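This is a predicted model, so every value here is computed, not measured. FYI, the numbering just counts along the sequence from 1.
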Amino acid sequence: SGYTGTAKTDLLPRLAALDVQTLDLEGLANHRGSLLGDRAEPQPSQKAFETELAMALTRLDPAKPVIVEAESSKIGLRLLPPSLWAAMIAAPLITLDAPLDARARYLAQAYADILADKVLLMGKLDVLRQFRGHAIVDRWAELSAAGDDVALCRALVEDHYDPAYATSMREKAGRISAHVTTNSLTPEALNHTANQIKLALQTIST
């Protein structure tokens, strides 16, 4: 688990390279798991998603822990099976933390496709007017129009994503088993973070 922009998804293949079992739900659902999570290709059907998920699960060793990114019960339009969701919300958490500026730069790169389509972007952000107010969304629109993607991502994180995450984490505080901090989200830093997560996982598992 971790604030938006802490590169959780990018850490999964790095953990897999360290022989840590992982389950990439966003990859299987072909969605980045947020309001701006749509990809160019459509999501698989619910049945196809569950079939691929079942196949991925059969490849896992049930005697060893599995790292999965903290998600809601719905990724885009695809629903997680209730049994998997129940296991996820009962599992211990490893939380990630990174500086806001690093997260904003990371998000500007990770979401470059949707940030470039300003009409589509604002169509999605306008939905948040009822939750965040017109003044905040208008400011996002100004940053988008100016082409300042890093500043826009920083504002989205500060105004929307971080408050929502902080609220959810208050309910999950008792499940936190380890905390990993990184000062950077460069590829080299993420490799180091993956090693830290592996060490934390070993502590939890023993």
Side-chain angles (χ1 to χ4, degrees), residues 1-18 20 22-43 67-72 75-78 94-128 132 136-166 168-169 179-198:
S1 184
Y3 282 97
T4 297
T6 47
K8 298 181 292 294
T9 302
D10 278 352
L11 284 164
L12 293 178
R14 288 174 164 81
L15 287 163
L18 296 174
V20 175
T22 62
L23 183 62
D24 184 1
L25 295 175
E26 291 185 3
L28 293 171
N30 194 36
H31 195 275
R32 285 169 287 203
S34 69
L35 177 69
L36 307 180
D38 291 337
R39 296 187 181 276
E41 295 298 320
Q43 289 190 264
I67 290 283
V68 61
E69 183 177 347
E71 304 279 0
S72 69
I75 304 176
L77 298 176
R78 300 288 77 88
I94 298 174
T95 61
L96 304 175
D97 191 33
L100 177 58
D101 286 343
R103 291 158 55 206
R105 289 192 298 271
Y106 173 83
L107 288 168
Q109 293 181 341
Y111 287 82
D113 54 342
I114 194 166
L115 293 173
D117 189 336
K118 300 184 185 306
V119 174
L120 175 63
L121 173 67
M122 288 313 304
K124 291 181 176 296
L125 295 182
D126 278 339
V127 175
L128 297 176
R132 300 301 177 192
I136 285 178
V137 177
D138 287 345
R139 178 169 171 261
W140 298 342
E142 291 171 0
L143 292 171
S144 175
D148 196 340
D149 290 345
V150 174
L152 172 58
C153 287
R154 183 185 178 105
L156 286 169
V157 165
E158 287 184 306
D159 298 335
H160 176 62
Y161 287 108
D162 277 10
Y165 178 81
S168 70
M169 285 308 294
H179 186 79
V180 173
T181 299
T182 178
N183 291 322
S184 172
L185 296 171
T186 64
E188 296 78 10
L190 290 179
N191 288 336
H192 177 67
T193 301
N195 276 288
Q196 288 182 289
I197 294 172
K198 181 177 181 178

Determine yes or no for a side-chain-to-main-chain donor-acceptor pair under 3.5 angstrom, with Asn30 supplying the side chain and Glu41 the backbone. yes
Donor-acceptor pair, Lys198 side chain versus Leu18 backbone, under 3.5 Å? yes
Does the side chain to side chain contact (heavy atoms under 4.5 Å, CB included) test come out yes or no for Asp159 and Arg139, once each step is laid out? CA-CA 10 Å; Asp159 298 335; Arg139 178 169 171 261; 3.5 Å; yes
Verify, without hydrogens or angle tests, whether Tyr3 (side chain) and Asp97 (backbone) share a donor-acceptor contact under 3.5 angstrom. no
Using 0.5 Å steps for rounding, measure from the CG atom of Leu190 to the CG atom of Leu96. 9.5 Å
Would you mind reporting whether Val157 and Leu100 have side-chain heavy atoms less than 4.5 Å apart? yes
Among residues at least two apart in sequence or on other chains, which ones pass side-chain hydrogen bond (donor to acceptor under 3.5 Å, both in side chains) with Glu69? Thr9
Check the pair Asp10, Leu185 against side chain to side chain contact (heavy atoms under 4.5 Å, CB included), reporting the backbone distance first and the verdict last. CA-CA 10 Å; Asp10 278 352; Leu185 296 171; over 6 Å; no
Calculate, to the nearest 0.5 Å, the distance between atoms CG and CG belonging to Leu152 and Leu121 respectively. 6.0 Å
Under the side chain to side chain contact (heavy atoms under 4.5 Å, CB included) rule, what do Ile114 and Asp38 come out as? Steps first, then yes or no, please. CA-CA 8 Å; Ile114 194 166; Asp38 291 337; 5.5 Å; no
Cationic N near anionic O, under 4.0 Å, Asp113 to Arg39: no
Which is it for Leu128 and Asp126 under the side chain to side chain contact (heavy atoms under 4.5 Å, CB included) test, yes or no, and what are the steps along the way? CA-CA 5 Å; Leu128 297 176; Asp126 278 339; over 6 Å; no
Between Thr6 and Lys8 (side chain of the first, backbone of the second, donor and acceptor by atom type, cut-off under 3.5 Å), is there such a pair? no
Using 0.5 Å steps for rounding, measure from the CG atom of Leu115 to the CG atom of Leu143. 11.0 Å
Sorted by chain and number, sequence neighbours left out, salt bridge (Lys or Arg N to Asp or Glu O under 4.0 Å) with Glu158 holds for Arg154
At what distance, to the nearest 0.5 angstrom, does CG of Leu107 lie from OH of Tyr161? 8.5 Å
CG on Leu125 to OG on Ser144, rounded to 0.5 Å: 7.5 Å
Is Val20 close to Leu12 at the side-chain level, that is, under 4.5 Å between some pair of heavy atoms? no
Salt bridge flag under 4.0 Å for residues Arg105 and Asp149: no
Would you say the side-chain atoms of Gln43 pair up with the backbone N or O of Ile75, donor to acceptor, closer than 3.5 Å? yes
With distance as the sole test, does Arg32 use its side chain to make a donor-acceptor pair with the main-chain N or O of Ala110 at under 3.5 Å? yes
Over 60° means perpendicular and under 30° means parallel, so tell me whether His160 and Trp140 are parallel, tilted or perpendicular. perpendicular
How far apart are the C-alpha atoms of Arg103 and Asp162, what are their side-chain angles, what is the distance that settles it, and do they pass the salt bridge (charged side-chain N to carboxylate O under 4.0 Å, His left out) test? CA-CA 11 Å; Arg103 291 158 55 206; Asp162 277 10; 2.5 Å; yes
Are the side chains of Val180 and Thr95 in contact, using a 4.5 Å heavy-atom criterion? no
